[in-house]
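Before any comments, here is the structure.
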Amino acid sequence: MRTEKEILDMILETADADARIRAVTMEGSRANPNAVHDEYSDFDITFFVTDVREFTRDKEWIHRLGDILIVQCPTDWYSHPYDYSSRDPFAFLIQFADGNRIDLTLRDVGLISGEAENKEPRIVLLNKDNFPSLLPIGSEEAYFIQPPGEMEFYNTCNEFRWLCLYVAKGVCRKELYYSKHAYDVLAMPMFLKMLNWKVGIDHNFQVSTGSSCKYLKRFLTEEEMARFQGIFPGGDYEDISRRLFLMYDYFDELAGFVADHFGFVHDVRETCRVRRFLEERLCRA
């Protein structure tokens with residue numbers, strides 16, 4: 001597996017040798033000093049080029065970067081085909097056989113002035129023309145948990161309870177994926193928003209739990225982490241029902257904490273009535 005230095009040297013050598021590449025930046029976890037840095041960390045790279053079309057017309061050039069295991073072009077998808085006559089940004093997600101991965105974005109250099117508005121962590125690897133808008137950014141402030149407004153808090157609580165009804169319906173009907181989808185994909189993001197707000201309050205909203213809350217364990221006690229892990233169900237209907245109540249009650253505690261902190265209304269009546277409804281429905285499942 002090529003080292004980080006070898007990958008970065010290869011990227012810079014590629015850019016140095018090509019007059020059409022005017023600047024190179026690295027974003028993502030490798031540009032964030034607070035992120036995890038290991039062999040699984042992607043290289044999020046941006047090439048600012050004179051004409052994107054010269055790099056998208058014939059994609060064979062990417063094979064110069066290494067032995068490619070699989071590549072994906074998310075900006076050119078069946079539901080949104082890329083306009084190859086345009087100079088719009090284009091992305092290559094490249095997994096190499098040696099274990100490294102580069103997420104490479106091509107941007108027209110004519111758009112580089114907009115980079116002055118970027119607040120996300122960034123390392124400037126190359127700036128041939130000394131573009132003033134292309135500055136390194138060391139802070140992860142752009143990723144910090146944001147405090148909720150009262151309406152967002154209310155909607156999150158209401159949506160969570162509403163979606164829990166979907167989980168119960170799936171269990172009653174013995175529709176496994178319906179109930180799992182409602183649990184994991186629909187209701188869980190509402191729970192995670194509330195848990196993140198609790199973390200934000202505990203740390204004065206000066207922290208980030210990362211993409212998909214992957215750094216949550218940094219901010220939870222061992223007991224809290226064990227409780228969090230305990231709300232994830234398997235594929236058994238009884239287990240889904242049991243974990244649903246664990247998640248429901250945990251959410252209610254978190255909502256009460258957040259509401260008290262901000263002076264929001266915590267709708268205890270709706271919480272209790274929905275819970276009783278779930279109990280009555282699932283006891284017949």
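The figures here come from the full heavy-atom set of this structure, side chains too, leaving out hydrogens, waters and symmetry mates. The residues of the chain are indexed from 1 along the displayed sequence.
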Item to check | Main-chain N/O of Asp88 paired to Ser86 side chain as donor or acceptor, under 3.5 Å | outcome: yes
Checklist entry - Hey, is CD on Gln206 packed in by over 12 heavy atoms from elsewhere, all under 6.0 Å? => result yes
Item to check | SB check Arg275 Asp249 (cutoff 4.0 Å) | outcome: yes
Checklist entry - Do the non-hydrogen side-chain atoms of Glu120 and Ile137 ever get within less than 4.5 Å of each other? => result no
Next on the checklist: Is the distance from the ring center of Phe205 to that of Phe144 below 6.0 Å?
Outcome noted: no
Checklist entry - With a 4.5 Å heavy-atom cut-off, do Leu8 and Thr3 have their side chains touching? => result no
Next on the checklist: With a 4.5 Å cut-off on side-chain heavy-atom distances among I, L, V, M, F, W and Y, is there a chain of contacts connecting Leu69 to Phe43?
Outcome noted: no
Checklist entry - To the nearest 0.5 Å, what is the distance between NE2 (His203) and OG1 (Thr209)? => result 10.5 Å
Item to check | Nearest atoms (heavy-atom pairs only) where Val71 meets Ile62 | outcome: CG2-CD1, 4.1 Å
Next on the checklist: Ring centroids only, cut at 6.0 angstrom: are Phe90 and Tyr82 within range, meaning strictly under it?
Outcome noted: yes
Checklist entry - Can the ring centres of Tyr250 and Tyr248 be said to be less than 6.0 Å apart? => result no
Checklist entry - Take atom CE in Met1; do more than 12 heavy atoms of anything else shown fall under 6.0 Å from it? => result yes
Item to check | Heavy-atom donor-acceptor pair, Asp38 side chain to Tyr40 backbone, under 3.5 Å | outcome: yes
Item to check | Among Thr271, Thr156, Asp267, the one residue meeting side-chain hydrogen bond (donor to acceptor under 3.5 Å, both in side chains) with Arg161 | outcome: Thr271
Next on the checklist: Under a 3.5 Å distance rule, please check whether Glu141 uses its side chain to pair with a backbone N or O of Lys119 as donor and acceptor.
Outcome noted: no
Item to check | Evaluation steps, salt bridge (Lys or Arg N to Asp or Glu O under 4.0 Å), between Glu224 and Lys198 | outcome: CA-CA 12 Å; Glu224 288 172 329; Lys198 165 67 163 55; 3.7 Å; yes
Item to check | Distance-minimising heavy-atom pair for Asp44 and Ser29 | outcome: OD2-N, 4.2 Å
Next on the checklist: For a 4.5 angstrom cut-off between non-hydrogen side-chain atoms, does Trp197 reach Glu152?
Outcome noted: yes
Next on the checklist: Is there a side chain to side chain contact (heavy atoms under 4.5 Å, CB included) between Glu13 and Asp18? Walk through the geometry before answering.
Outcome noted: CA-CA 9 Å; Glu13 288 168 8; Asp18 195 328; over 6 Å; no
Next on the checklist: Whether the side chain of Asp108 engages the backbone of Pro89 through a donor-acceptor N/O pair (distance < 3.5 Å, no angle test) should be reported.
Outcome noted: no
Item to check | Check: Gln72 and Trp77 side chains under 4.5 Å, non-hydrogen atoms | outcome: yes
Item to check | Face-on cation placement of Arg107 at Phe47 ring, 6.0 Å and 45° thresholds | outcome: no
Checklist outcome for this item: Looking only at heavy atoms, the pair that brings Pro74 and Ala91 closest together is CD-O, 3.6 Å
Next on the checklist: Quick check on the hydrophobic clustering: are Phe160 and Ile145 connected, directly or via other members, by side-chain heavy-atom contacts under 4.5 Å?
Outcome noted: yes
Checklist entry - Would a distance-only check, ignoring hydrogens and angles, find a side-chain to backbone donor-acceptor pair under 3.5 Å from Asp239 to Gly234? => result yes
Next on the checklist: Tell me whether Glu279 at atom CD has more than 12 heavy atoms from other residues, nucleotides or ligands lying less than 6.0 Å away.
Outcome noted: yes
Checklist entry - Is there a side-chain contact between Glu4 and Ile7, using heavy atoms and a 4.5 Å cut-off? => result no
Checklist entry - What's the shortest heavy-atom distance between Val171 and Ser241, and which atoms? => result CG1-OG, 3.5 Å
Checklist entry - Within the side chain of Lys180, is there an N or O that forms a donor-acceptor pair under 3.5 Å with the backbone of Pro233? => result yes
Item to check | Side chain to side chain, Thr25 and Phe48, heavy atoms closer than 4.5 Å | outcome: yes
Item to check | Same cluster (ILVMFWY, side-chain, under 4.5 Å), Ile45 and Val109 | outcome: no
Item to check | Minimum side-chain heavy-atom gap Trp162-Val274 below 4.5 Å | outcome: no
Next on the checklist: Closer than 3.5 angstrom, by distance alone: can the side chain of Asn196 be matched with the main-chain N or O of Val199 as a donor-acceptor pair?
Outcome noted: no
Item to check | Shared hydrophobic cluster, Leu135 / Ile112 (ILVMFWY, side-chain heavy atoms < 4.5 Å) | outcome: no
Checklist entry - Shortest non-hydrogen contact from Ile240 to Leu176? => result CD1-CD1, 4.0 Å
Next on the checklist: For the backbone of Ser41 and the side chain of Arg30, can you confirm whether one donor and one acceptor N or O come within less than 3.5 Å of each other?
Outcome noted: yes
Item to check | Met247 and Met188: CA distance, side-chain angles, deciding distance, side chain to side chain contact (heavy atoms under 4.5 Å, CB included) verdict | outcome: CA-CA 9 Å; Met247 179 172 68; Met188 184 59 70; 3.8 Å; yes
Checklist outcome for this item: When every non-hydrogen atom of Cys73 is compared with those of Phe92, the smallest separation belongs to SG-CD2, 3.8 Å
Checklist entry - Do the ring planes of Tyr177 and His181 sit parallel (below 30°), tilted (30 to 60°) or perpendicular (above 60°)? => result tilted
Checklist entry - Between Glu253 and Arg227, is there a side-chain N and carboxylate O pair less than 4.0 Å apart? => result yes
Checklist entry - How far apart are the C-alpha atoms of His266 and Asp260, what are their side-chain angles, what is the distance that settles it, and do they pass the side chain to side chain donor-acceptor pair (under 3.5 Å) test? => result CA-CA 8 Å; His266 180 211; Asp260 286 345; over 6 Å; no
Next on the checklist: Check whether Phe55 forms a cation-pi arrangement with Arg20 (NZ or CZ under 6.0 Å from the six-membered ring centre, at most 45° off the ring normal).
Outcome noted: yes
Checklist entry - Does Arg53 make a cation-pi contact with Tyr84 (under 6.0 Å, within 45 degrees of the axis)? => result no
Checklist entry - Do any N or O atoms from the side chain of Ser179 and from the backbone of Val167 form a donor-acceptor pair under 3.5 angstrom? => result no
Item to check | Over 12 foreign heavy atoms within 6.0 Å of NZ, Lys217 | outcome: no
Next on the checklist: Using side-chain heavy atoms (C-beta onward) and a distance below 4.5 Å, is Arg64 in contact with Met10?
Outcome noted: no
Next on the checklist: To the nearest 0.5 Å, what is the distance between OG on Ser208 and CZ on Arg218?
Outcome noted: 8.5 Å
Checklist entry - Do Phe262 and Tyr154 belong to the same hydrophobic cluster, where Ile, Leu, Val, Met, Phe, Trp and Tyr are linked whenever their side-chain heavy atoms lie under 4.5 Å apart, directly or via other members? => result no
Checklist entry - Between Tyr237 and Cys172, is a side chain to side chain contact (heavy atoms under 4.5 Å, CB included) present by the stated rule, with each step listed? => result CA-CA 9 Å; Tyr237 292 112; Cys172 292; over 6 Å; no
Item to check | Side-chain donor or acceptor of Tyr183 paired with backbone N/O of Leu163 under 3.5 Å | outcome: no
Next on the checklist: Is there a side chain to side chain contact (heavy atoms under 4.5 Å, CB included) between Asn34 and Tyr143? Walk through the geometry before answering.
Outcome noted: CA-CA 11 Å; Asn34 292 321; Tyr143 300 146; over 6 Å; no
Checklist entry - What distance separates Asp98 CG from Glu39 CD, expressed to the nearest 0.5 Å? => result 11.0 Å
Item to check | Sole candidate of Glu115, Glu27, Glu140 that passes salt bridge (charged side-chain N to carboxylate O under 4.0 Å, His left out) when paired with Arg122 | outcome: Glu115
